[in-house]
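Chain A is the first sequence line, chain B the second, and so forth, proteins listed ahead of strands; every chain is numbered from 1.
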There are 2 protein chains.
Amino acid sequence: MKENISLNNSEWCIMEALWQEQPKTLMQLVYEMKEKQGWSKSTTGTMLRRMQEKAYIRFEEGEKARLYFTDLKREKVVLKETESFLNRAFGGSLGLLVNTFAENNQLTEKDIEELKQILHKAEEKREEN
Amino acid sequence: MKENISLNNSEWCIMEALWQEQPKTLMQLVYEMKEKQGWSKSTTGTMLRRMQEKAYIRFEEGEKARLYFTDLKREKVVLKETESFLNRAFGGSLGLLVNTFAENNQLTEKDIEELKQILHKAEEKREEN
DNA sequence: CAAAAAGGTTGACAAATGTAATCCTTTCTG
DNA sequence: CAGAAAGGATTACATTTGTCAACCTTTTTG
C-alpha cells in the first residue's frame with residue numbers, strides 16, 4: 001500500500017516513541033515530546049492529526065483517552081529510508097558508504113570486528129538457501 | 001564554518017552536477033536539470049539563487065556567462081549527512097545498518113566480498129598508526 | 001541588422017513543515 | 001462541588017520547498 005513512506009524529522013520522533021512502546025495516549029506523547037523536542041501540547045496534537053491523515057498512525061478509543069498506534073514496521077520504514085538515502089548519497093552502494101567511513105577513520109577497531117561478524121553471519125545465511 | 005549543511009533533494013541535484021564537474025554555467029545546469037528533473041529554466045535559476053544565499057555555491061564572472069562553483073567537499077557533506085542519517089535511523093550505529101541489510105537479504109555475494117575487502121583495508125590502515 | 005538563444009532577475013503561489021494559542025469538553029481530586 | 005488536569009478540535013502563522021511565468025539584457029547567428 002503505502003509506497004513513499006518518507007518521514008520527516010518530527011514524524012520520526014513520534015514514530016520512535018510509538019515503536020518503543022505501543023500504544024500510547026495523547027498525554028504520554030505530549031510529555032515525551034515536551035522532553036525530547038520541547039514541543040507544546042498543541043504541537044504534539046497537530047503532529048498526531050497530520051500523521052493520521054497520512055495514515056502513519058491511527059487510534060482506538062480507550063477507556064478514557066485514545067490509544068495511538070502505528071502499523072508501520074520500523075524495519076520496513078528504516079529499510080526504505082536507507083535505500084533512498086543510499087541512492088542519494090552513494091549511488092545506492094552500501095560498500096561506498098562503508099568505504100567512506102573507513103577512509104575517514106570513522107571506524108573503530110570494535111566497529112570493524114562487529115561488521116566482520118555481521119558479514120560472517122550473512123554469508124552463512126546465504127549458504128543456507 | 002558551515003555547521004548544518006543539510007541538503008534537500010533539489011539541492012543535492014545541483015550539487016551533484018557541480019561535483020561531477022566544476023564550474024558550470026547557468027545554461028549547462030539548466031539543461032542538466034531539465035533532463036534529470038524536468039525543471040524549467042527559472043526553476044533552476046531560483047535554486048541557484050537560493051543556494052547562493054545559503055552559501056552552498058558561488059559564481060565568478062566568466063567571459064560571457066557566470067561560472068558556478070561549490071566549495072563544499074562532497075566527502076564532507078556526505079559524511080555529515082550519513083552521520084545524521086545513522087543517528088536518526090540506527091542510533092548512530094553503522095553496524096546496525098549493515099545488519100539490517102543483511103537480515104533482509106539485501107546483501108549479494110558480491111556486496112559481502114566488497115565489504116570484506118573494505119574492512120580489510122581499514123584494518124591495515126589502522127595498524128599503520 | 002533582426003530574430004533567436006543565452007543569461008539573469010523578480011515576484012509569485014501552493015504545499016509542506018514547524019510551532020502554537022484558543023477554546024471546548026470530560027474527568028479527576030482536594 | 002469547583003477548580004485543575006487531561007483530552008481533543010480548530011485555526012493560525014511563519015518558513016521552507018518546489019515550481020514557474022514574465023520580463024529584461026546581452027550575445028549569437030542566419
Side-chain angles (χ1 to χ4, degrees), chain A residues 2-18 22-69 77 81 84-85 88, chain B residues 2-18 22-69 77 81 84-85 88:
Chain A
K2 275 280 129 209
E3 274 309 303
N4 299 22
I5 327 147
S6 176
L7 305 174
N8 62 36
N9 259 308
S10 319
E11 289 165 349
W12 262 97
C13 293
I14 302 273
M15 293 301 277
E16 288 290 9
L18 288 181
Q22 268 194 92
K24 280 181 177 165
T25 65
L26 173 65
M27 279 298 123
Q28 280 181 293
L29 290 166
V30 166
Y31 288 137
E32 272 188 66
M33 294 304 118
K34 166 84 77 189
E35 283 306 296
K36 282 195 250 177
Q37 302 295 122
W39 290 355
S40 76
K41 182 186 142 199
S42 35
T43 299
T44 300
T46 300
M47 285 308 304
L48 255 26
R49 173 166 49 78
R50 290 183 184 167
M51 289 174 74
Q52 283 170 67
E53 285 161 12
K54 296 187 185 181
Y56 291 165
I57 63 177
R58 67 187 168 81
F59 64 81
E60 287 172 13
E61 297 297 347
E63 310 190 21
K64 181 181 160 198
R66 294 177 175 174
L67 298 173
Y68 286 91
F69 294 84
V77 173
E81 297 261 349
S84 81
F85 174 74
R88 260 158 81 98
Chain B
K2 274 282 130 211
E3 274 307 302
N4 300 19
I5 326 146
S6 176
L7 306 174
N8 61 38
N9 259 308
S10 319
E11 288 166 349
W12 263 97
C13 292
I14 302 271
M15 293 301 278
E16 288 291 9
L18 288 180
Q22 268 193 94
K24 281 181 176 167
T25 65
L26 173 67
M27 277 300 122
Q28 281 181 292
L29 289 167
V30 165
Y31 287 137
E32 273 189 64
M33 294 305 119
K34 165 85 76 189
E35 285 304 297
K36 281 194 248 174
Q37 302 294 121
W39 290 354
S40 76
K41 182 184 140 201
S42 34
T43 298
T44 300
T46 300
M47 284 309 304
L48 256 25
R49 171 165 51 79
R50 290 181 184 168
M51 290 175 75
Q52 282 170 69
E53 285 161 10
K54 297 187 185 181
Y56 292 164
I57 64 177
R58 67 188 169 79
F59 65 81
E60 288 172 13
E61 298 295 347
E63 309 190 23
K64 179 182 162 199
R66 295 174 175 175
L67 298 173
Y68 286 91
F69 294 84
V77 174
E81 298 259 351
S84 79
F85 175 74
R88 263 159 77 101

Using whole Å, report how far [atom1] of [X] lies from [atom2] of [N].
| X | N | atom1 | atom2 | value |
| --- | --- | --- | --- | --- |
| A:Leu7 | C:dA16 | CG | P | 15 Å |
| A:Glu60 | D:dG8 | CD | P | 13 Å |
| A:Lys24 | D:dA6 | NZ | C1' | 18 Å |
| A:Met51 | C:dG18 | CE | P | 11 Å |
| B:Arg49 | D:dG18 | CZ | P | 14 Å |
| B:Met33 | D:dT19 | CE | P | 13 Å |
| A:Asn9 | C:dG18 | CG | P | 6 Å |
| A:Gln37 | C:dG18 | CD | C1' | 11 Å |

Considering only heavy atoms from C-beta outward, does the side chain of [X] approach that of [Y] to under 4.5 Å?
| X | Y | result |
| --- | --- | --- |
| B:Leu18 | B:Tyr56 | no |
| A:Trp39 | A:Met47 | yes |
| A:Met15 | A:Ile57 | yes |

Considering only side-chain heavy atoms of A:Arg50, which listed nucleotide, D:dG18, D:dA22, C:dG18, is closest?
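My answer, after comparing the listed nucleotides, is C:dG18.
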In terms of side-chain heavy atoms of B:Thr46, which of C:dG18, C:dT22, C:dT10 is nearest?
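Of the candidates, C:dT10 comes closest.
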Just to confirm, is there a sub-4.0 Å distance from OP1 or OP2 of [N] to any side-chain nitrogen or oxygen of [X]?
| X | N | answer |
| --- | --- | --- |
| A:Asn8 | C:dG18 | yes |
| B:Ser10 | D:dG18 | yes |
| A:Lys54 | C:dT17 | yes |
| B:Trp39 | D:dC20 | no |

Do [X] side-chain atoms and [Y] backbone N/O form a donor-acceptor pair below 3.5 Å?
| X | Y | result |
| --- | --- | --- |
| B:Gln52 | B:Leu48 | yes |
| B:Glu16 | B:Cys13 | no |
| A:Glu81 | A:Leu7 | yes |
| A:Lys24 | A:Ala17 | yes |

Going 5' to 3' through nucleotides 2-8 of chain C, assign each nucleotide B (protein heavy atom under 4.0 Å from a base atom), S (under 4.0 Å only from sugar-phosphate atoms) or - (no protein heavy atom that close).
----SBB
Return the 5'-most residue of the pair B:Glu63, B:Met47 with respect to DNA chain D, ranking by each residue's nearest nucleotide.
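Between the two, 5'-proximity favours B:Met47.
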